[in-house]
Protein chains: 2
Amino acid sequence: MTARHELTRNQALVFDALAKAESPLSAYTILDRLRDDGFRAPLQVYRALEKLLDYGMVHRLESLNAFVACAHPHCGEHGLIAFAICEKCGQVSEFSDTVIEQQVSDWTGRNGFKPSKTTVEIRGTCANCLNG
Amino acid sequence: MTARHELTRNQALVFDALAKAESPLSAYTILDRLRDDGFRAPLQVYRALEKLLDYGMVHRLESLNAFVACAHPHCGEHGLIAFAICEKCGQVSEFSDTVIEQQVSDWTGRNGFKPSKTTVEIRGTCANCLNG
DNA sequence: AACTGGTATGTTATCTTATTACATAAGTTG
DNA sequence: CAACTTATGTAATAAGATAACATACCAGTT
């Protein structure tokens, strides 16, 4: 756990649940996994997620309504991130692409659009599952 | 209405509702707008949307859980599409970007990933709302 | 016309995801 | 301590999506 952000108990529990998971988790799945730690209501999860998203320690996968811990060692220090999501096994690969970032920035510049967050998600089948 | 796909009554109603709208509509908003046309249940909307998405006549905005009619005159004939979504006024600009498409294709090629659908959504504030 | 297979529909119930509202507690700063 | 902000707990409800089942409609064939 980096010391970049002091996490509260709930935030730490949610982050750990995501960090341990092999694939993205929905808020309700997180809730189920934290029952033993005293979690009873969705809001406890959503509130923690909100902060973690703020800190850049967790990403939201819009096309799945699910969440993943950031793959980067020092979170929050990256530009545009893209996700490749395998629909077979659920695994997610995270990568940053400066060229895409530049294209987005070009378009928004040309059109006077002020971007706040950009989502890039590639759904498909990963190499592993293709060979299986 | 193009003759590229014979739409059923329900599909035509849903498509028209989206085409008339100034901004993306949720499935339940579509349902409400079609009450007078006999729609009573969400499934009627979702089933129509499924087909329209198939035909490429409608796009789903993952970060909004909402739908828009395709902006292109002849739908379904385009590659990767990106959306710029204004969080103030709700307006959506649709554009295709071959460079981003190429970057995605490069990554998937390098990683043996077989893509089925790619989502690119830029959230932010449009020029109009910035000047307002 | 009757038979058959495929597609579209209608309806109810249910499941999943997310937020509102309100009360309480805990930490921080003046 | 008082005032303030931030975190928590809990219940209720809103919003988005699907499952299950029954019925109808529309070819093409016999």
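Chain letters run A, B, ... following the sequence lines, proteins first, then strands; residues in each count from 1.
- Of the residues near DNA chain D, B:Arg47 and A:Asn10, the one whose nearest nucleotide (by heavy atom distance) lies more toward the 5' end is A:Asn10.
- When rounded to the nearest whole Å, the span between CD of A:Gln11 and P of D:dT6 equals 13 Å.
- OP1 and OP2 of C:dT7 both lie 4.0 Å or more from every side-chain N or O belonging to B:Thr8.
- The side chain of B:Lys51 lies closest to C:dA8 when the candidates are D:dT10, D:dT18, C:dA8.
- Here the nucleotide nearest the side chain of B:Phe67, chosen from D:dA7, C:dA18, D:dA17, is D:dA17.
- Salt-bridge formation is not detected for the pair B:Arg123/B:Glu121: no Lys NZ or Arg NE/NH1/NH2 atom is positioned less than 4.0 Å from an Asp or Glu carboxylate oxygen.
- When the side-chain nitrogen and oxygen atoms of B:Arg60 are compared with OP1 and OP2 of D:dA17, one or more of them lie within a distance under 4.0 Å.
- Closest approach of A:Ala127 to B:Asn111, counting heavy atoms only: CB-O, 3.5 Å.
- Side-chain N/O atoms of A:Asn65 include one lying less than 4.0 angstrom from OP1 or OP2 on C:dA18.
- The side chain of B:Gln44 contributes no N or O atom lying less than 4.0 Å from OP1 or OP2 of C:dT9.
- The nearest whole Å value for the distance from the CG atom in A:Leu31 to the C1' atom in C:dT19 is 15 Å.
- Taking OH of A:Tyr55 as the reference point, atom CD of A:Glu6 lies at 9.5 Å (rounded to 0.5 Å).
- In this structure, B:Tyr46 and B:Phe67 have perpendicular ring planes: the angle between them is above 60°, well past the 30° mark.
- Taking atom CG of residue A:Leu43 and atom P of nucleotide D:dA11, one finds them 13 Å apart after rounding to whole Å.
- Side-chain atoms of B:Tyr28 and base atoms of D:dA14 include no donor and acceptor less than 3.5 Å apart.
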